[in-house]
Structure formats: C-alpha cells, structure tokens
Amino acid sequence: APLLCAVETVNERQKHSLVRKLRTCFSDQLAGRTFALWGLAFKPNTDDMREAPSRSIIDALLALGASVRAYDPVAGAETQRLYAAVVQAGRLTLCKDAYEAAAGAEALLIATEWKEFRSPDYDRLRELLRAPLVFDGRNLYDPALMQRLGFRYFAIGRGLAPPVQADALAERHAGAALAAARSAGAAAGALDLAGGAGSIEAAIAEVDAQSAVVQLPEVDLPGGSTPC
C-alpha cells in the first residue's frame with residue numbers, strides 16, 4: 001500500500017538521522033575518529049539484527065573512515081558473524097560491556113533501548129568519553145538532566161540541538177515525518193491503486209514535500225576540530 005511504502009521510506013531515512021547529526025557536529029570530519037555504539041539488535045530481548053538501525057550506523061561510520069566500539073547484551077555473536085572481516089581489521093570492536101565500549105570514544109550513539117542503558121553511571125560515562133557527547137536514537141534520557149550533568153545531548157525530535165540552522169530544522173521536523181507519511185497515505189487513497197508503482201511514488205513524493213527532516217543539506221561548522 002502507498003501509506004506503508006511511504007512510512008517504510010521515512011523509517012529508512014530516519015535510521016541515518018544520528019549519523020547526520022554526528023556529521024554536522026564534527027564538521028563532516030569523522031575519518032580517523034572512534035565512536036561508541038550501544039545496542040546492536042533490532043529491539044531489546046533479541047539478537048535479531050535484520051533491519052536494525054545499528055547496521056546502518058555502522059556501515060555509514062565505516063564508509064566515512066571512522067571506527068566503532070560497540071556493545072549489545074545478546075547480539076555480539078550475530079554482529080561478529082555479519083562483520084567478521086571488519087572486526088578482524090580492527091575497525092569494529094565488540095566490547096564486553098557498555099562502559100568498555102565508551103572508553104576513549106569521541107561520542108556515544110544509542111541504537112537499541114535495552115533496559116541496562118536507561119540508568120547508566122553518568123559520571124563514569126562522562127569520564128570515559130573523550131567528549132561528553134551523546135546521540136540518542138531511542139530518546140532514553142531527559143534532555144534537561146543530561147545538560148545539568150554536563151553532556152551535550154542529541155535525540156530524535158527533541159533534545160539539545162547543535163547551534164546550526166540545518167540541524168535545528170531537523171530537530172523541529174523529525175517528529176513530523178510519520179505525520180507527513182500518513183497525510184501522503186490519505187492523499188494516495190484518492191489515487192488509482194491499480195497504478196501500483198505510480199501510487200507509491202506519489203505517496204513518497206508527498207512525504208518528501210512535507211518532511212523537511214529528509215531534505216536537509218549538508219552543513220559544515222566553523223571552528224575546525226571543536227565538536228558541536
């Protein structure tokens with residue numbers, strides 16, 4: 001159905017939201033940097049990594065020249081199977097716990113809402129990270145609390161936005177993406193569904209027209225190596 005295809009398209013693009021924020025924060029200079037990733041499974045209580053956001057994040061970071069230190073309570077073996085060559089090359093390190101993954105990383109990304117990630121030792125985490133930067137794809141933490149604890153915190157559709165116009169627009173419109181998809185689906189209901197691909201394309205085009213979060217340009221920050 002056009003609505004389902006439109007929603008799937010938005011969801012796929014949203015998988016890249018954290019990396020987009022990260023690139024903005026580091027002025028698109030990720031090569032040679034190491035980032036921590038909490039959560040590898042598609043959802044808690046499984047080792048299933050099919051369609052997992054973590055895979056999009058890992059693939060994007062590796063393509064940009066970065067390395068990843070990752071932890072998941074149960075999906076480590078599956079990650080090893082999927083990324084054996086990358087692990088062997090030292091570009092992806094599978095860690096025994098969340099704090100080992102954070103040690104020495106320049107920022108933390110969160111991709112799965114495991115219960116153990118909900119109440120970390122914030123002081124320990126801040127000390128382990130090279131910079132107190134958290135990019136939360138699951139909205140686990142309260143932005144005001146994170147700010148008081150000394151973190152720069154970026155979440156999906158809320159949180160503290162980097163001081164650049166494009167990412168501020170992303171924060172403002174991230175929550176509107178699925179609403180736009182639903183509007184597209186309603187509009188598609190008036191189309192001839194026998195048209196198949198044409199109806200799907202019309203629905204997706206409507207999403208793109210209404211959702212600024214998937215139409216943002218790349219932005220470089222001034223200041224060189226200073227993140228965010």
Test item: [X] and [Y] side chains (from C-beta on) under 4.5 Å apart, heavy atoms:
X	Y	value
Leu129	Glu106	no
Thr112	Ser54	no
Met49	Leu82	yes
Asp72	Leu94	no
Phe135	Leu108	no
Ser67	Arg33	no
Thr79	Leu92	yes

Would you sort out whether Leu133 and Phe154 count as a side-chain contact (heavy atoms from CB on, under 4.5 Å), showing the intermediate values? CA-CA 8 Å; Leu133 298 170; Phe154 308 89; 4.2 Å; yes
Can a donor-acceptor pair be found, under 3.5 Å and without considering hydrogens, that links the side chain of Arg55 to the backbone of Glu51? no
Exam field: side chain Asp136 to backbone Leu140, donor-acceptor pair closer than 3.5 Å: yes
For Phe117 and Trp38, what are the C-alpha separation, side-chain angles and deciding distance, and is it a ring pair (Phe, Tyr, Trp, His ring centres under 6.0 Å)? CA-CA 8 Å; Phe117 299 156; Trp38 286 3; 5.1 Å; yes
List in chain and number order the residues that pass side-chain hydrogen bond (donor to acceptor under 3.5 Å, both in side chains) with [X], two or more places apart in sequence or in another chain; answer none if no residue qualifies.
X	answer
Gln80	none
Arg124	none
Lys115	none
Asn45	none

Hey, mind stepping through Val19 and Arg23 against side-chain contact (heavy atoms from CB on, under 4.5 Å) and telling me if it holds? CA-CA 6 Å; Val19 175; Arg23 293 178 67 177; 4.0 Å; yes
Nearest atoms (heavy-atom pairs only) where [X] meets [Y]:
X	Y	value
Glu116	Pro73	OE1-CG, 3.2 Å
Thr46	Lys43	CG2-O, 3.0 Å
Ala101	Cys95	CA-SG, 3.5 Å
Ala36	Ala105	N-CB, 3.5 Å
Asn139	Ala155	OD1-CB, 3.0 Å

Which pairs pass side-chain hydrogen bond (donor to acceptor under 3.5 Å, both in side chains) with one or both residues in residues 89-98, sequence neighbours excluded? Lys96-Glu100
If a pair satisfies side-chain hydrogen bond (donor to acceptor under 3.5 Å, both in side chains) and one of its residues is in residues 125-134, list it, with sequence neighbours excluded. Asp123-Arg126
Before you tell me yes or no, could you show the steps for Tyr83 and Gln88 under side-chain hydrogen bond (donor to acceptor under 3.5 Å, both in side chains), namely the whole-Å CA-CA distance, both residues' side-chain angles and the distance that decides it to 0.1 Å? CA-CA 9 Å; Tyr83 290 95; Gln88 181 68 27; over 6 Å; no
Ring pair (Phe, Tyr, Trp, His ring centres under 6.0 Å) with Tyr122: which residues, sequence neighbours excluded? Tyr141
The ring pair (Phe, Tyr, Trp, His ring centres under 6.0 Å) partners of Phe35 (sequence neighbours excluded) come to Phe26
Carefully, step by step, assess Ile57 and Leu22 under the rule side-chain contact (heavy atoms from CB on, under 4.5 Å). CA-CA 11 Å; Ile57 292 170; Leu22 194 68; over 6 Å; no
Evaluate the side-chain contact (heavy atoms from CB on, under 4.5 Å) criterion for residues Leu125 and Phe151: first the C-alpha distance (whole Å), next the side-chain angles of each, then the deciding distance (0.1 Å), finally the verdict. CA-CA 10 Å; Leu125 177 60; Phe151 289 92; 4.2 Å; yes
Set of residues satisfying salt bridge (Lys or Arg N to Asp or Glu O under 4.0 Å) with respect to [X], sequence neighbours excluded:
X	value
Asp47	none
Arg81	Glu78
Arg118	none

Transitive ILVMFWY cluster of Leu128 at side-chain heavy atoms under 4.5 Å: who else is in it? Tyr99
Nearest 0.5 Å, please: how far is [atom2] in [Y] from [atom1] in [X]?
X	Y	atom1	atom2	answer
Met146	Arg152	CE	CZ	11.5 Å
Arg20	Asp28	CZ	CG	12.5 Å
Leu18	Ile110	CG	CD1	9.0 Å

Find out if a path of hydrophobic residues (ILVMFWY) with successive side-chain heavy-atom gaps under 4.5 Å connects Phe42 to Trp114. no
